[in-house]
Amino acid sequence: MASPAAAQARKVLRDLVLRPPLLAARSQAVQLTPRRWLNLQEYQSKKLMSDHGVRVQRFYVADTAKEALEAAKKLNAKEFVLKAQILAGGRGKGVFSSGLKGGVHLTKDPQVVGQLAKQMIGYNLATKQTPKEGVKVNKVMVAEALDISRETYLAILMDRSCNGPVLVGSPQGGVDIEEVAASNPELIFKEQIDIMEGIKDSQAQRMAENLGFLGPLKNQAADQIKKLYNLFLKIDATQVEVNPFGETPEGQVVCFDAKINFDDNAEFRQKDIFAMDDKSENEPIENEAAKYDLKYIGLDGNIACFVNGAGLAMATCDIIFLNGGKPANFLDLGGGVKEAQVYQAFKLLTADPKVEAILVNIFGGIVNCAIIANGITKACRELELKVPLVVRLEGTNVHEAQNILNNSGLLITSAVDLEDAAKKSVASVAKK
Ligand code: GDP
Ligand code: MN
């Protein structure tokens with residue numbers, strides 16, 4: 001089980017990952033799309049929602065075009081919506097490697113469901129939120145399509161600045177919510193929820209009203225919002241996002257899309273949910289790192305960073321940029337470190353062919369620096385390290401650690417502080 005420190009680190013790292021504008025300012029080339037928290041496919045999220053009384057469309061999941069056709073026949077609906085299942089959003093406007101445009105299609109003909117599914121399954125779908133080459137589609141959802149008369153946005157997030165859950169909504173849903181936030185911030189509404197008291201009727205009603213639900217739809221929307229909040233709590237979610245949270249001409253409030261993220265710390269009490277994680281969209285290297293309780297984030301520079309804690313990861317990231325370099329990746333060691341983990345960490349870091357230098361930046365608080373130093377020297381010898389290695393260690397047992405490194409006979413560059421370490425690692429790459 002992950003330690004609280006490691007969990008905190010992940011949270012901060014996740015925030016780092018979720019700060020694309022800031023990162024874009026740092027470097028156009030930086031693309032961060034790793035998964036730090038369990039993140040389910042739409043069909044899995046919708047199953048949880050429907051189990052908790054939240055209204056979603058009837059649907060089936062299919063792995064093949066033939067199954068998709070069968071699903072459409074079984075649904076026996078007036079119209080169908082076929083949706084590629086990948087973790088990224090923006091599917092509606094995505095493009096498949098098969099040439100098919102759009103990861104969400106409406107049709108009245110079951111045969112067309114089959115034909116479209118054939119151009120989805122097994123191909124990559126690229127959207128605004130995926131890497132350029134897209135993400136492979138293994139499954140599609142075939143659902144009963146409903147007419148939508150209005151699309152709103154609704155999310156429930158665990159928000160640090162609010163010290164708890166917050167409802168976020170906008171009557172301007174369906175589209176890119178970040179754009180709305182930028183161009184029409186007055187159309188984004190928030191309700192902070194006291195986690196001890198739970199969501200108040202007045203809050204759910206106010207949000208429903210702010211989202212523009214009128215007449216009987218207002219109560220219905222408020223009821224759905226409360227059910228979504230109860231779901232959020234019960235399943236230990238960090239985020240439940242519904243976009244569009246829509247209404248139909250028949251007067252029903254429906255969750256047309258669903259994105260749920262979970263708190264990794266809750267794995268012990270959410271075993272069924274975590275068992276749904278198929279990890280197929282994880283980078284293999286992330287899965288490999290997770291085996292050793294290490295957190296890996298791939299970037300596209302050339303300096304591998306070995307750190308402990310998210311704060312140091314961010315500081316390291318910033319300072320490398322400030323000195324004109326680019327991180328290739330981050331490996332976060334977390335708290336209770338063993339020598340073998342250090343060895344595995346080096347193995348993972350150097351497996352990336354882009355890596356031209358390694359920067360170790362470890363602060364020994366809980367961690368004993370001597371253990372790190374022993375791990376480093378062992379890894380250098382056994383892996384026959386071929387790239388420059390810059391090490392900055394600070395904290396518990398640092399003198400013994402320095403002795404171990406200095407007496408190792410290995411080509412290791414010591415750094416006195418983070419600035420020095422960044423300069424030396426950037427220089428070692430520039431020299432090449
Ligand atoms: P995303 O693009 O990945 O966010 O996928 P969504 O599930 O949100 O679908 C994209 C868009 O397709 C939505 O914003 C809707 O406008 C449309 N859409 C999805 N399901 C339905 C449906 O059942 N009926 C209609 N009319 N439109 C739908
Ligand atoms: Mn959506």
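Please read all numbers here as calculations on a predicted model, not as lab measurements. Start at 1 and go down the list; that is how both ligands and their atoms are numbered.
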Quick test of your reading of the structure: of R91, K128, Q57, whose heavy atom lies closest to atom 1 (P) of ligand 1?
R91
Would you indicate which of G173, G92, A258 comes nearest to atom 2 (O) of ligand 1 when only heavy atoms are counted?
G92
Min N/O separation E42 to ligand 1 under 3.5 Å
no
Below 3.5 angstrom, do we get any N/O pair linking L106 and ligand 1?
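N/O-N/O distance below 3.5 Å does not exist for this pair.
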Which atom, counting only N, O or S, brings D257 closest to the Mn ion (ligand 2)?
OD2
I'd like to know if the side chain of [X] reaches the main chain of [Y], judged simply by a donor and an acceptor atom lying under 3.5 Å from each other, with no hydrogens or angles considered.
| X | Y | result |
| --- | --- | --- |
| K46 | R58 | no |
| Q85 | Y43 | yes |
| R55 | V253 | yes |
| Q220 | G251 | yes |

Are E144 and Q57 close enough that a side-chain donor and a side-chain acceptor fall under 3.5 Å?
no
What part of [X], side chain, backbone, both or neither, has a heavy atom within less than 4.0 angstrom of ligand 1?
| X | result |
| --- | --- |
| E151 | side chain |
| V104 | side chain |
| N243 | backbone |
| K93 | neither |

May I ask you to list the atoms of ligand 1 that are less than 4.0 angstrom from any heavy atom of G89?
3 (O)
May I ask you to list the atoms of ligand 1 that are less than 4.0 angstrom from any heavy atom of A145?
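This gives 23 (O) as the contact atoms.
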Could any protein non-hydrogen atom be found less than 4.0 Å from atom 11 (C) of ligand 1?
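Within 4.0 Å of atom 11 (C) of ligand 1, no protein heavy atoms are found.
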Using ring centroids (six-membered ring only for Trp), state whether F80 and Y60 fall under 6.0 Å.
no
Which residue owns the protein heavy atom closest to atom 24 (N) of ligand 1, what's the atom, and how far is it?
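Looking at atom 24 (N) of ligand 1, the protein heavy atom closest to it is L146 O, 2.6 Å.
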